[in-house]
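Down below is the structure, laid out as structure tokens.
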Amino acid sequence: MAHYQAPRGMNDTLPEDAELWRHIRDTAERVARLFDYRQITTPIVEDAGVFLRSVGDESDLVQKEMYLFEDRGGDRLALRPEGTAAVCRAYLEHGMGSRPQPVRLFYIGPFFRYDRPQAGRYRQLWQFGAEAIGSDSPAVDAELIELQAMLYRELGLTDLVLRINSIGTAESRARYIEALREHFWPYLGSLSKDSQRRFETNVLRILDSKEEQDRAAVASAPSILDFLDETDTLHFTHVKRFLESAGIEYVVDPFIVRGLDYYTRTVWEFEPASAAGQSTVGAGGRYDGLMELLGGPATPGVGFATGIERIAINLREQGRGPSAEQAVDVVTVPLGDTGAAAALRVASMLRAAGVSVRAGVPGRSMKAAMRAADASGAAYALIIGDREAAEGVATLKPLRGDGEQRTVAFAELAAAIRG
RNA sequence: GUGGGUGUGGCCUAGCGGUUAGGGCGUCAGGUUGUGGCCCUGAAGAUCGGGGGUUCAAAUCCCCUCACCCACCCCA
């Protein structure tokens, strides 16, 4: 019979990967707390409107990538495709506007996008994200970028390039889009097929076209930075200044655009210097208009999200990450019925004392039991047969390095093992 | 969503029209009496991703399908 497989684009995380994942998550949470960000956990499912209204009806994320379904009560729900809108919904729902501003939050968890899978691109993906809601200060933009940069640095993920841009307000962007249309209009016939389509759907996307034939038209295109109003320009200037004083290297890339409608002003991306394929490791931006889209009062916000799988991929490529899986301290070698019973008691005693113990399977030959103990990587084998059991002792045998085995009373074992 | 590549026991892989589908790693059991790591022996485990077809004969050729991967699209 045909065997079941995990759903397309969704993966099991096996024990050998878990160590790396835990390292990434622990580091992320630690760094977030260093900046006084506190964890928020929202449901994996939201009212579809949370994303439809905020992310933008026209975006690909909503148009073709969102898992939508109706529950038995007829409510229209969505598997969350991203974190920011959900965090903002929670901010409004719980009246966080009356907390000290900005409210600094981080989250980590699975997200869902109905994409065609590829390496580093999955239908269920894990993201770590941080949001600061309630302040439009450029210092907060810089703080988020610094947090994200520190996370990568702490993980040993060098080789990343930070690219930043400002896409202004909805109004200045509208003027820019108009100017882009005018600019590309004369070239339309010579543009690539994709870009001709983008001309209709999303002109901004033409800017990051990889097509050779689009290059000239793109190179001479106007820059969004020339369309920002005075306050947005000033805001961007301050962000850059703060980054400099924080010692964070960046490049301004006026061609960074965003697929989600809610972004305003600052946007940024971290990419491997040797960029290729699904390479963006994390990206963020400011979203001053988002709260109103969700029906709340005008409230500025800024945040980023980073893909755990993509971090893991990059760490593996660079040969970073935790060096070895942690081995158990002790493996018991139970012999005979009385010995097996005693081994169980000793194991629980040791665990209570904080020593990790793998219970050896009774009934095997001693040779097999010792082989298993050795293969486990444990520091000690603890032999408990009928003979030992009768005397209330165990044979403690070091498996690494030299060192003689010795007979130790049950009560002394924990101390003997800890050395 | 578009175009392309790949798919052999848990993992890596040989075979590429007629083989009992071979090997390595791993797993389990042994190598006499309660002691591992090396070595040796043995065992289990594959209808060759799945389904159809061509052929006297298919893991090997063709079609469909599924999954992964690559380039787009898009994004973390």
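Each chain gets a letter, A, B and so on, in the order the sequences are listed, and its residues count up from 1. Since this is a predicted model, take the numbers as computed values, not measurements.
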How far, in whole Å, is B/rU13 from B/rA59 if one measures between their C1' atoms? 14 Å

Would you say A/R198 places a side-chain N or O within less than 4.0 Å of OP1 or OP2 belonging to B/rC74? yes

Scan A/G9 against the nucleic acid and name what it touches under 4.0 Å (heavy atoms): base, sugar-phosphate only, or nothing. sugar-phosphate

Going by purine N1 to pyrimidine N3 plus the second Watson-Crick contact, or the G-U wobble pair, all under 3.5 Å, which nucleotide sits opposite B/rC68? B/rG5

Walk along nucleotides 4-12 of chain B from 5' to 3' and tag each nucleotide B, S or - by protein heavy-atom contact under 4.0 Å, base first, then sugar-phosphate. B--------

Mind checking A/A381 for me? I need base, sugar-phosphate or nothing, with any heavy atom below 4.0 Å counting as a touch. nothing

B/rG1 base / A/R113 side chain donor-acceptor hit below 3.5 Å: no

Heavy-atom nearest nucleotide on RNA chain B for A/I384 versus A/A375: which residue maps closer to 5'? A/A375

Sugar-phosphate, base or nothing in reach of A/E388, heavy atoms under 4.0 Å: base

Indicate, with yes or no, if the rings of A/F270 and A/Y152 have centres closer together than 6.0 Å. yes

Which protein N or O atoms sit under 3.5 Å from an N or O of nucleotides 42-45 of chain B?
none

Return all side-chain donor-acceptor pairs below 3.5 angstrom for residues 353-366 of chain A, not counting sequence neighbours, or 'none' if the list is empty.
{"from": "A/S356", "atom 1": "OG", "to": "A/D329", "atom 2": "N", "distance (Å)": "2.9"}
{"from": "A/S356", "atom 1": "OG", "to": "A/D329", "atom 2": "OD2", "distance (Å)": "3.1"}
{"from": "A/S365", "atom 1": "OG", "to": "A/A368", "atom 2": "N", "distance (Å)": "3.1"}

Using the closest heavy atom to pick a nucleotide of RNA chain B for each, name whichever of A/R400 or A/P7 lands nearer the 5' end. A/R400

Pairwise C1' distance, B/rG17 and B/rA57 [rounded to whole Å]: 8 Å

Whole angstrom value for the distance that separates P of B/rA76 from CD1 of A/I24: 18 Å

Side-chain N,O (A/S365) to OP1/OP2 (B/rG30) below 4.0 Å: yes

Any idea how A/Y67 and A/F112 line up, ring-wise: parallel (<30°), tilted (30 to 60°), or perpendicular (>60°)? perpendicular

Got a donor-acceptor pair under 3.5 Å from the side chain of A/K397 to the base of B/rU35? yes

For A/D337, does the CG atom have more than 12 heavy-atom neighbours from other residues, nucleotides or ligands under 6.0 Å away? no

Between the base of B/rA67 and the side chain of A/R8, is one N or O donor paired with an acceptor at under 3.5 angstrom? no

Lys NZ or Arg CZ of A/R123 over A/Y114 ring: under 6.0 Å, within 45°: yes

Applying the 3.5 Å cut-off to both distances, the Watson-Crick or G-U partner of B/rC74 turns out to be none

Can you tell me the pairing partner of B/rU19 across any strand shown, Watson-Crick or G-U wobble, with both distances under 3.5 angstrom? none

Does the side chain of A/Y91 pick up a donor-acceptor pair with the side chain of A/E131 at under 3.5 Å? no

Distance between P atoms of B/rG50 and B/rU60 (Å, rounded): 10 Å

For atom C1', what is the distance between B/rU33 and B/rU27, given to the nearest Å? 27 Å

Do A/T306 and A/Q148 have side-chain N/O donor and acceptor atoms under 3.5 Å apart? no

B/rU32 pairs with, by Watson-Crick or G-U criteria that keep both distances under 3.5 Å: none

With a 4.0 Å cut-off on heavy atoms, is A/A283 in touch with a base, just the backbone sugar-phosphate, or nothing at all? sugar-phosphate

Donor-acceptor pair present, A/R371 side chain and B/rG37 base, under 3.5 Å: no

When the P atoms of B/rU54 and B/rG45 are compared, how many Å lie between them, rounded to an integer? 33 Å

Rounding to an integer number of angstrom, what distance separates B/rC68 and B/rC63 when you compare their P atoms? 22 Å

Could you identify the nucleotide paired to B/rC25, looking across every strand shown and requiring Watson-Crick or G-U wobble geometry with both distances under 3.5 Å? B/rG10

If the P atom of B/rA29 is compared with that of B/rC38, how far apart are they to the nearest Å? 16 Å

Candidate nucleotides B/rG34, B/rG31, B/rC28, ranked by approach to the side chain of A/M366 - the nearest: B/rG34

Relative to the ring of A/F242, is the ring of A/H238 parallel (under 30°), tilted (30 to 60°) or perpendicular (over 60°)? tilted

A/R113 bridged to A/D115 by N-O distance under 4.0 Å: no

Does A/R80 make a cation-pi contact with A/F111 (under 6.0 Å, within 45 degrees of the axis)? yes

Tell me whether the side-chain N/O atoms of A/Q5 come closer than 4.0 Å to OP1 or OP2 in B/rG49. no

In whole Å, measure the gap between the P atoms of B/rG7 and B/rG49 for me. 8 Å

Are side-chain N/O atoms of A/S172 and A/R175 paired as donor and acceptor at under 3.5 Å? no

Rounded to whole Å, the CD-P distance (A/Q127 to B/rA76) equals 7 Å

What contact category does A/Q405 fall into here, base, sugar-phosphate, or nothing, at under 4.0 angstrom with non-hydrogen atoms? base

Give a yes or no on whether the ring-centroid distance for A/F106 and A/Y37 is below 6.0 angstrom. no

Please work out if A/Y122 contacts a base, only the sugar-phosphate, or nothing of the nucleic acid, heavy-atom cut-off 4.0 Å. base

